[in-house]
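What follows is a set of notes on a single structure, which appears directly below.
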Amino acid sequence: KELSPERRQAIYDQVVASPDTYAWSVAERSHQVIDESNILLATMECFKDSIEQVVAQLSGDHNAYSIVDGKKGPKLSIDIPSRPWVQGDKEVYSVALASIIAKVSRDRMSKEWQRLYP
């Protein structure tokens, strides 16, 4: 939020180009799913999906621990510690990176939707 679009893009490019250093995942929900449930539930489902996908990318010698930005964390179907962290995107490096990945991905989707549906 406080970074320029160019700086966010540079960080995004560095993260996605370094799979040996960073494990990451982007999950999304359709507007229909959000309308049928609610934005908080859809967000928790996306957090859950992304966390579980990242853990699946890690080799067995890693101890996984999940931190999500906000007041509430998702219920995971895997057995790893997880906790919410208010202002996590400002205080926790990995949460800040996740926020950047999410923002750049969302901006890219929005641009594509604008192109498809002018």
Side-chain angles (χ1 to χ4, degrees):
K1 297 173 189 173
E2 297 177 8
L3 299 174
S4 70
E6 296 79 17
R7 184 71 179 128
R8 274 194 303 271
Q9 184 64 52
I11 293 168
Y12 175 94
D13 291 343
Q14 181 179 355
V15 170
V16 300
S18 306
D20 292 339
T21 304
Y22 303 101
W24 60 276
S25 172
V26 174
E28 60 186 80
R29 292 295 181 274
S30 69
H31 68 87
Q32 293 96 341
V33 169
I34 294 169
D35 291 344
E36 289 171 8
S37 58
N38 63 58
I39 190 70
L40 179 61
L41 180 59
T43 300
M44 290 301 119
E45 289 173 353
C46 287
F47 280 164
K48 175 186 178 294
D49 290 352
S50 288
I51 292 165
E52 292 177 358
Q53 289 171 19
V54 165
V55 170
Q57 292 174 38
L58 301 173
S59 62
D61 61 342
H62 288 86
N63 291 322
Y65 184 88
S66 164
I67 301 172
V68 297
D69 190 23
K71 294 180 182 179
K72 185 174 180 178
K75 292 185 174 147
L76 302 174
S77 60
I78 57 176
D79 187 26
I80 66 163
S82 182
R83 66 159 288 190
W85 192 307
V86 175
Q87 300 290 313
D89 60 342
K90 291 181 175 48
E91 299 175 3
V92 181
Y93 179 76
S94 58
V95 177
L97 288 179
S99 179
I100 291 167
I101 295 291
K103 172 77 170 126
V104 171
S105 298
R106 187 173 50 250
D107 289 350
R108 287 180 171 190
M109 284 188 276
S110 293
K111 285 181 184 176
E112 180 64 11
W113 294 328
Q114 289 172 355
R115 186 186 69 75
L116 292 173
Y117 310 105

Distance (rounded to the nearest 0.5 Å) between Lys48 NZ and Ser82 OG:
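That separation rounds to 11.5 Å.
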Value for CG (Asp89) from CD1 (Ile67), rounded to nearest 0.5 Å, stands at 12.0 Å
Checklist entry - Counting distance only, does the side-chain N/O of Arg8 pair as donor-acceptor with the main-chain N or O of Ile100 below 3.5 Å? => result no
Handout entry: Check: Thr21 main-chain N/O paired with Ser18 side-chain donor or acceptor under 3.5 Å
Key = no
What closest approach, in Å, do [X] and [Y] show between heavy atoms, and which atom pair accounts for it?
{"X": "Leu40", "Y": "Asn38", "result": "N-OD1, 3.0 Å"}
{"X": "Pro81", "Y": "Ala64", "result": "CD-O, 3.5 Å"}
{"X": "Val54", "Y": "Ser25", "result": "CG2-N, 3.8 Å"}
{"X": "Gly88", "Y": "Asp69", "result": "N-OD1, 2.9 Å"}
{"X": "Leu41", "Y": "Ser37", "result": "CD2-CB, 3.5 Å"}

Can you confirm whether [X] sits close enough to [Y] that some side-chain heavy atom of one is under 4.5 Å from a side-chain heavy atom of the other?
{"X": "Ser105", "Y": "Tyr12", "value": "yes"}
{"X": "Trp85", "Y": "Val68", "value": "no"}
{"X": "Met109", "Y": "Glu28", "value": "yes"}
{"X": "Arg83", "Y": "Ser66", "value": "no"}

| request: In plain terms, say whether Arg115 and Glu112 are close enough for a salt bridge, that is, a side-chain N and a carboxylate O under 4.0 Å apart. | output: yes
Query raised in the report: Charged N to carboxylate O under 4.0 angstrom, Lys103 versus Asp107?
Result: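 Judged by the 4.0 Å cut-off on N to carboxylate O distance, Lys103 and Asp107 do form a salt bridge.
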Report task. Please list, chain by chain and in numerical order, all residues satisfying side-chain contact (heavy atoms from CB on, under 4.5 Å) with Tyr117, sequence neighbours excluded. Result ->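 Partners of Tyr117 under the side-chain contact (heavy atoms from CB on, under 4.5 Å) test: Trp113.
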What about [X] and [Y], same hydrophobic cluster or not, with Ile/Leu/Val/Met/Phe/Trp/Tyr joined at side-chain heavy-atom distances under 4.5 Å?
{"X": "Leu3", "Y": "Val16", "answer": "yes"}
{"X": "Phe47", "Y": "Val26", "answer": "no"}
{"X": "Tyr22", "Y": "Ile11", "answer": "yes"}

Sequence neighbours excluded and cut-off under 3.5 Å, please list the side-chain donor-acceptor pairs for residues 70-80, or say none.
unit_1: Ser77; atom_1: OG; unit_2: Glu52; atom_2: OE1; d: 3.1
unit_1: Ser77; atom_1: OG; unit_2: Glu52; atom_2: OE2; d: 2.7

Can you list the steps and then say if Val95 with Tyr93 is a side-chain contact (heavy atoms from CB on, under 4.5 Å)?
-> CA-CA 5 Å; Val95 177; Tyr93 179 76; over 6 Å; no
Go through the steps to decide whether Asp49 and Arg29 satisfy the test salt bridge (Lys or Arg N to Asp or Glu O under 4.0 Å), and finish with yes or no. CA-CA 11 Å; Asp49 290 352; Arg29 292 295 181 274; 2.6 Å; yes
| Do Gln9 and Asp13 have side-chain atoms, one donor and one acceptor, less than 3.5 Å apart? |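 There is such a pair (donor and acceptor under 3.5 Å, judged by atom type) between the side chains of Gln9 and Asp13.
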